[in-house]
Amino acid sequence: MKLWGGRFESGPAELFERFSGSLRFDKRLFAADVEGSRAFANELLRVGILSADEHGRIHAGFDAILEQSKDPGFFDADDEDIHTFVIRKLGETAGAAADKIHTGRSRNEQVAVDFRIWMKREIRADQQRLEALMAALLALARRVPDALLPGYTHLRRAQGVLFAHYLLAYFEMFARDWRRLSQAGERADVLPLGSGALAGSGFPFDRQRMAGELGFSAVSANSLDAVSDRDFALDFLYAASVTMLHVSRLAEDWILYSSEEFGFLEPGDAVSSGSSLMPQKRNPDALELLRGKAGRVCGHLHALMLTLKGLPLAYNRDLQEDKEGVFDAADQFAASLEALKLCVDTIGVHPRPMEQAAEEGWVCAAALAEALARKGVPFHRAHQIVGGIVLASIKQGKRAEDWSIDELRAFAPEFDAEAQAALRPRAALENHAVPGGTAPRFVAQALDAAESRLDDMKKQTAD
Ligand code: ARG
């Protein structure tokens, strides 16, 4: 069946039908298409196009095809797209009444409605997946509250931080990602139905009523825009891409931290693979795939941007290219959030080598210089002095904590017991006692706050 054949003398080539057909992927919009069509049928009744009897048949027809859709072979068909497919199925179940279902409606608006209905749900489910991931990070922070990590800049040991503080950094990224997804959801929450093909529908539909029935917060303000806008899809892809960038940074950190060279972490068996040749290997494949998939999701964002670039108003068939990329991005994104949560749940943490790396790494040098500055030594001079102590340590093979007060006083008379304490990374944590800093009591506060923020997020996405 075609929804258009009248003005043609012969049909499309089989090659073109295969080239242009979208049912194999837009079948994913089936439930949304039926929902949108039901609300539309209710409106057709209200404006007098459908009789009560026809309206009843149409709804019964939709009930029947929803039932049929449980059959695995249901979508094996060669209809052009999901909209044509649903209308044909409706004809088979509702009879002649189905011929009126498309009155005053265009597939251009229909595909936009379906895509938005689908996307709003997908986004909410992703937010819930992100909440589960954030909860796992917080649980891990609670599992090893005292573990001390040498924080890095330039991938060189820089200053000690609590591992919990490090985990909370990712919590912050994911909390912003959650908000970005929520904003993308708001952008999708606008009903195009009633826009017709491009100029607005030819019938006096109550668009607000349909919006209410379909759970949309608003109706679109311009019909040309409504049928050709896909920036709501870009918003979703952007939110997913940024989240995946954060996922991949975490994955990279953990690949590195779990290498033999670092030995801080150990991915669980549940997310590790072996080698077919080297029996000793235990590879962090899940984390590597997460890092890899970030590129794939970002690629879909770029692809849709390029599809939209330079498209004349209003609908063009190019727009059909929106779906496969978005669906694949959504699948990879959802799977990645779940896989990363599993990595977090099963990660082994080795606090001793972490702290040892911090102790060997002079991560307390800045704290020592600041301790001197507190005694009145100008910071530039304090920096020089501590730099000299580090150099002497390297030459003499000494660790930071090996220096006695008397030895330190030879570098600067201002050194006292308090300054000497800063030589131990754990004590130096106290040097960062500001909100957002890694002093243990501030981390404890941040952890409590993160838990209550997460509860709030969960409330907003509860079904
Ligand atoms: N499969 C089409 C799409 O995804 C549906 C709209 C078709 N409209 C049209 N005028 N050919 O965009």
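Whatever order the structure lists them in is the order used to number ligands and atoms, beginning at 1.
Protein heavy atom closest to atom 10 (N) of ligand 1, with residue, atom name and distance, is N108 OD1, 3.1 Å. Protein heavy atom nearest atom 7 (C) of ligand 1, with residue, atom name and distance: Y315 OH, 3.5 Å. R107 NH2, 3.8 Å is the protein heavy atom nearest to atom 11 (N) of ligand 1.
In summary, the atoms of ligand 1 found under 4.0 Å from a heavy atom of H83, numbered by their order in the structure, are 5 (C). Interface of D81 with ligand 1, defined as ligand atoms under 4.0 Å from a residue heavy atom, comprises 1 (N), 5 (C). Near S22, the atoms of ligand 1 lying under 4.0 angstrom from a non-hydrogen atom of the residue are 1 (N). Within the listing of ligand 1, atoms 1 (N), 2 (C), 3 (C), 4 (O), 12 (O) sit less than 4.0 angstrom from a heavy atom of Q320.
Surrounding CD of E321 are at most 12 heavy atoms belonging to other residues, nucleotides or ligands under 6.0 Å away. By the 6.0 Å contact criterion, CZ on R249 is open, its count of non-hydrogen atoms from other residues, nucleotides or ligands being 12 or less.
At a threshold of 4.5 Å between non-hydrogen side-chain atoms, the residues M173 and V242 do not count as touching. Residues F203 and L44 fail the side-chain proximity criterion, which asks for heavy atoms closer than 4.5 Å. Between R142 and E451 there is a side-chain heavy-atom pair separated by less than 4.5 Å.
In this structure, the ring of F75 has its center less than 6.0 angstrom from the ring center of F85.
The shortest separation from a heavy atom of E80 to ligand 1 is not under 4.0 Å, leaving the residue out of contact.
Annotation: cation-pi geometry satisfied between K323 and F115 (NZ/CZ under 6.0 angstrom from ring centroid, within 45° of ring axis).
Geometrically, ligand 1 and K323 share a nitrogen or oxygen pair separated by less than 3.5 Å.
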